Amino acid sequence: MRGREDTRRVVARWTGIAALAGATVWMTLDARGFERVLRALAPNESAWLYPTKPLSALVLEQVWLATAASVLALALGSALGTLALTGFGVAFRDLVLSVGSLAQTVPTVALMALLVPLTGYGPEPVVIALTLYGVLPIALNVIAGIEGVPPEVRDAAAGIGMGRAQRLLRVEIPLAMPVILGGVKNVVVVNVSAATLGAVVAAGGLGMPILAGFHDYNDAFILEGALPAIALALLADRLLTVRPRWDRG
Amino acid sequence: MDGADVQLHQRARAVAVAASVLGAAAALVPFGLVLRTTRIDRGVSVSLASALGVWGAALVACWLAVAAMALSRMPLRTRGVAASLIAGAAPVLALWRAGAFAEAYAKQAGELSRVSLGPGFWLTAAAAYVAVFAATAWLEAGPLRATVSYAPFAGIAAVLASGAVSGIGIAREYANNADAFVRQLAVHLGYVGASVAVGLVFGIALGLTAARRPSAEPLVFGVLNVLQVVPTLAFIGLLYPVLTGLSRSVELFAALGVRGVGWAPVVVVLSAYAVYPIARNTHAALASIDPATVDAATGIGMGALRRFAMVEAPLATPVVLAGLRVALVQSTAGAIIAGLVGGGGLGTFVFLGASETASDLMLLGVVPIVGLALLFDRGLSAIEGALSPWKEPA
């Protein structure tokens, strides 16, 4: 009974992912076909595709901005989180928790705009802003995950003769993985979403046709950016929503 | 005092010293203040220490004093009060003297010139936050700790009110836009209020539904999760043709000013985002109530309605408020987008500033947004604490 329901859930999940991935790839690659859809949705316009750049380039820019920021945030965040649990860094644990909630009060797009005087327009302010924004959530989840490992497990690992580093790498991090991955998912999804705002600081991405559409009152340009942006964000969310292996019945 | 406390105090020592190092570095880095000949000039940067003369030396001395106290054997109470007051004084001092410096610079470089607060100043503020955070760990929770934690904010407010900083860039932008600022602040608060009100109504209703009928749970949270993931700008974009169509076909909407851009899509999008945290917490709060408690209430003869009003709702309220707090902070930050799509609000200054690369104008929008979000966060945390007397104060 349980197994059947589980199979159904797995099938539903992968069907959703395949549909979203298919839609994204199709919109990106089949420009003519997508234009026909936009033409049907916004019949009164005179142009349907954003003329400055092809959609494939915009999607690539969006993915690249989100990936760069996510990788940097993951590297810095896990280093910070691990440091905050070991030796000297323990002193900074409470501070990381406090600043982590504080940082959420700064709007992402404001951080991007404020960085422009320092970095100039382009992808740099977006990657830096999204990285800064993602570091603390990752660190928080690393801390929460490792602290959530039951003390008995830790004792058992020490009891069979594991050292501090070995315990961290072979017991604590693997057990903390679901919580850490939850944090990674949130950060990646936020980045894929927020990369749309990169258009404000001329970083490219799918926000470009949306802003151009608002500017020219062109529904088709807006939808050309909005539909793939939504599909990409949902795809990232679905792909990274995983349940831990021992919770799968 | 037990072992854990001693350890905590020693940890705070390391954090306070690190904050002092950061603070001293912030005073010495060569981008404390930015001097511009016009408001959009790129400008030249100078360090706080060099710009503020003897007061710059005092600023560095503050940080040395904080570090010395952290490492000293002073009694915890004295050490906590003195170190947090001195650390908290550093940004107040920097702001006050930067104001005097700005006035002197304007006399020399002309009326169009500007002095802006640079990264060095913001780092000083960050260092003060960290140092006060560490030093207050030496104090018992209570009125004394609250007073020294919030003293720096009072100091900043006093300096701002005294007019001593009216020469600094962000204050000049405020003076030039005072009427618009008040108006956009009201619009911004209107967005936050409207979206959170909608979020509360739908969030509590959907959270209750999901808790009472578990079969509805995957659908409710599935839909809310999808809404949460949709990028703001794309969401507004998706609404654009819909709202344009509505305003063309329904006169009432047109009369209310519903258009594809403007206030309407902003309220819809922010409301949609605000539902999730409230629904999530309402559901979690009700699901976590011990069935024995509910049984006990039934056992003493309470009906379903009284049980809800007298047992379940009071137990759930602090958790629902935590969701409300998340929604408030999220809406306050999120309402910035209105400035990009013709909806006004504090984002207007941010995006106008971004298009002119006028940092001071951007800050005129960003600083109050962050201030409001912090105010909501702290205020609701305090209320949550007061409503859950069974929990230890954090």
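Every heavy atom of this structure was used, including side-chain atoms; hydrogens, water molecules and symmetry mates were not. All values derive from a computational prediction rather than experimental measurement. All chains are named by letter (A, B, ...) in the order of the sequence lines, taking the proteins before the strands, and each is independently numbered beginning at 1.
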Short side-chain to backbone donor-acceptor contact, A:Ser193 and B:Val229, under 3.5 Å = yes
CZ (A:Arg164) with more than 12 external heavy atoms under 6.0 Å = yes
Spell out, as yes or no, whether a donor-acceptor pair under 3.5 Å connects the side chain of A:Glu45 to the backbone of A:Asn218.
-> no
Is the side chain of B:Tyr191 donor-acceptor paired with the backbone N or O of B:Gly343 at a distance under 3.5 Å, no angle test?
-> yes
By a 4.5 Å heavy-atom criterion (distance strictly below it), what part of B:Val341 contacts chain A: side chain, backbone, both, or neither?
-> side chain
Rounded to the nearest 0.5 angstrom, the CG-CG distance for A:Leu136 and A:Asn141 is 11.0 Å
The interface call for B:Leu372 against chain A, heavy-atom contacts under 4.5 Å, is neither
Is it the case that B:Ser331 and B:Ser195 place a side-chain donor and acceptor less than 3.5 Å from each other?
-> yes
Segment of B:Arg378 engaging chain A (4.5 angstrom heavy-atom cut-off) = side chain
Residue part contacting chain A, namely of B:Val15, when any heavy atom lies under 4.5 Å = both
Can you say whether B:Thr357 sits under 4.5 Å from chain A via the side chain, the backbone, both, or neither, judging by heavy atoms?
-> both
Counting only heavy atoms closer than 4.5 Å, note whether B:Ala18 contacts chain A via side chain, backbone, both or neither.
-> side chain
Of the backbone (N, CA, C, O) and the side chain (C-beta and beyond), which part of B:Val226 lies under 4.5 Å from a heavy atom of chain A, both, or neither?
-> both
Note: vs chain A, highest number of non-hydrogen pairs under 4.5 angstrom among B:Phe351, B:Phe133, B:Phe235 is B:Phe133
Say whether, by atom type as modelled, one donor and one acceptor occur between the side chain of B:Arg13 and the main chain of B:Ala70 under 3.5 angstrom.
-> yes
With a 4.5 angstrom heavy-atom cut-off, which part of B:Phe31 approaches chain A: side chain, backbone, both or neither?
-> neither
Return yes if some donor-acceptor pair links the side-chain N/O of A:Glu224 with the main-chain N/O of A:Tyr50 below 3.5 Å, else return no.
-> yes
Examine distances only and state if a side-chain atom of A:Gln62 and a backbone atom of A:Gly205 form a donor-acceptor pair shorter than 3.5 Å.
-> no
Contact leader toward chain B among A:Leu118, A:Val192, A:Ile230, where contacts are heavy-atom pairs under 4.5 Å = A:Ile230
Give the member of A:Pro228, A:Ala42, A:Ser98, A:Gly225 that has the highest number of heavy-atom pairs under 4.5 Å with chain B.
-> A:Ser98
Check whether A:Arg238 gets within reach of chain B through its side chain, its backbone, both or neither, counting any heavy atom under 4.5 Å.
-> side chain
Residue among A:Leu223, A:Val116, A:Leu114, A:Val106 with most heavy-atom pairs under 4.5 Å to chain B | A:Leu114
Interface check, chain B: of A:Thr108, A:Leu41, A:Leu227, A:Leu211, most non-hydrogen pairs under 4.5 Å belong to A:Leu211
Measuring heavy-atom distances to chain B, does A:Tyr121 have an atom under 4.5 Å in its side chain, in its backbone, in both, or in neither?
-> side chain
Chain A contact via B:Val366 - which portion, at a heavy-atom distance below 4.5 Å = side chain
Could you tell me which of B:Val130, B:Val350, B:Asp377, B:Thr232 has the largest number of non-hydrogen atom pairs under 4.5 Å with chain A?
-> B:Val130
Most contact-rich option vs chain A, by heavy-atom pairs under 4.5 angstrom, among B:Leu233, B:Ile369, B:Thr244, is B:Leu233
Are the side chain of A:Arg13 and the backbone N or O of A:Leu239 linked by a donor-acceptor pair below 3.5 Å?
-> yes
